[in-house]
Amino acid sequence: MYKILKKEQLNDVVTAFTIETPLIASKVKAGQFIILRIDEHGERIPLTIADFDADLGTIKIIVQAVGATTKRLVALNCGDTIRDVVGPLGMPTEFGNPKKAIVVGGGVGCAIAFPQAKALFNNGVDVEIIAGFRNKDIVILEDEMKGVCNKLHITTDDGSYGKKGFVTDVLKDLLTNDNYDLVIAIGPIPMMKFVSLTTKEFSVKTIVSLNPIMIDGTGMCGGCRVRVGGETKFACVDGPDFDGHLVDFDSLIRRNSFYKQEESH
Ligand code: FAD
Ligand code: FES
Ligand code: MG
């Protein structure tokens, strides 16, 4: 049983939980995730470790309520417990040795991008973050992101906050006017696809964090298989980070909608 110590509502549909998980907190690195099960009848869902405190023995997860399980999860409160929390899973992000990096987050993807930006920034890398949202009401983690970068660029699709337009507009501007040696992109699959197409033009190394359907999270079930550079990879053990220039995004979009019917209950 894992106890919820803190609950914060970041916007109407996004909630952050701080959970007591001393073993996971002592081992986790940026880019890794957990799989949790709310109770013994629940399904297993993967969530990124958005932040952690090894001294306090806690991890933070940031959850967007999109379906049955995430809606049940965000209804939990401080003091409630979660039956199983397994992790840290997946490979930590391999940053290389960049000097100047851009981290791109889309919507709740900013929660997943945050630990990556923090790890780079704490290592002395010059980091710019581009965070894209549909509108002002759903902007999350603005202060937190400001604390882990040299410059934060916010975009909204409707122009209600920050710069009007898509993250790729700002990305193109930055890449045209300066030299960067790494781009990390995390968000909706089409966003990661178009970021990768943009960075390819500039030949800048690009890491994306993939979110296929995961079941066991240990490389056994094959549910999370993705095509990368013409090879089949399991995102739960080989990823979730991959070279954005090699990922077959279109097959990932198709596979992720296979179980729409079953997921509704
Ligand atoms: P459903 O109605 O069952 O599904 C809604 C959509 O979520 C589906 O169409 C599918 O695209 C996806 N999904 C459903 N079941 C799974 C599953 N078992 N594994 C993966 N995707 C699934 N979401 C966050 O809000 N915050 C995070 O930090 C986060 N990190 C993730 C890290 C990884 C490595 C992966 C693979 C996914 C992550 N997700 C994250 C997505 C999250 O797991 C899904 O939103 C969640 O499983 C949806 O469950 P549901 O029952 O509420 O919705
Ligand atoms: Fe089963 Fe990756 S989730 S192999
Ligand atoms: Mg579900």
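Heavy-atom basis, side chains included; hydrogens, waters and symmetry copies ignored. As the structure is a computational prediction, the values presented were derived from the model and not from experiment. When a ligand or atom number is given, it counts from 1 through the structure's own listing order.
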Does the N150 side chain pair with the main chain of V127, one donor and one acceptor, at a distance under 3.5 Å? yes
Mind running salt bridge (charged side-chain N to carboxylate O under 4.0 Å, His left out) on D39 and R72 for me, showing each step along the way? CA-CA 10 Å; D39 57 33; R72 282 189 60 210; 2.6 Å; yes
Name the one of L73, I112, I62 that satisfies side chain to side chain contact (heavy atoms under 4.5 Å, CB included) with L47? L73
Show which atoms of ligand 1 fall inside a sub-4.0 Å distance from at least one heavy-atom site of N211. 35 (C), 36 (C), 37 (C)
Can you name the atoms of ligand 1, numbered from 1 with element, that are less than 4.0 Å from a heavy atom of V63? 25 (O)
Below 2.8 Å, which protein N, O or S atoms neighbour atom 1 (Fe) of ligand 2, ignoring water? D216 OD1, C221 SG
With a 4.5 Å heavy-atom cut-off, do K100 and V125 have their side chains touching? no
Decide whether E43 and T69 meet the rule of one side-chain donor and one side-chain acceptor closer than 3.5 Å. yes
Hey, which atoms in ligand 1 end up nearer than 4.0 Å to a heavy atom of I45? 47 (O), 49 (O)
Less than 3.5 Å between some nitrogen or oxygen of F33 and one of ligand 1, yes or no? no
Shortest-distance N, O or S atom of E43 relative to the Mg ion (ligand 3): OE2
Please say whether more than 12 non-hydrogen atoms of neighbouring residues, nucleotides or ligands are located less than 6.0 Å from CZ in F202. yes
Using modelled atom types only, decide if a donor and an acceptor are shared between the side chain of T18 and the backbone of A16 within a distance under 3.5 Å. no
Go through ligand 1 atom by atom and flag the ones less than 4.0 Å from a non-hydrogen atom of L47. 23 (N), 24 (C), 26 (N), 27 (C), 29 (C), 30 (N), 31 (C), 40 (C)
If we ignore hydrogens and angles and just use 3.5 Å, is the side chain of K7 paired with the main-chain N or O of L76 as donor and acceptor? yes
Should I62 be counted as touching ligand 1, given the test is an N or O pair under 3.5 Å? yes
Is M214 in polar range of ligand 1, meaning some N or O pair under 3.5 Å apart? yes
Nearest option to atom 43 (O) of ligand 1, as decided by whichever heavy atom of A111, P46, G42, C236 sits closest: P46
Donor on one side chain, acceptor on other, R227 and T232, under 3.5 Å: yes
Any donor-acceptor N/O pair, N177 side chain to L174 backbone, under 3.5 Å: no
I want to know if ligand 1 touches T70 in the polar sense, i.e. an N/O pair below 3.5 angstrom. yes
Between T93 and D241, does any side-chain donor sit less than 3.5 Å from a side-chain acceptor? yes
If the cut-off is 4.0 Å to any non-hydrogen atom of T69, which atoms of ligand 1 fall inside it? 50 (P), 51 (O), 52 (O)
Could you tell me which atoms of ligand 1, counted from 1 in the order shown, lie closer than 4.0 angstrom to a heavy atom of R44? 18 (N)
Look at the side chain of Q116 and the backbone N and O of A113, then say whether any donor-acceptor pair between them is shorter than 3.5 Å. no
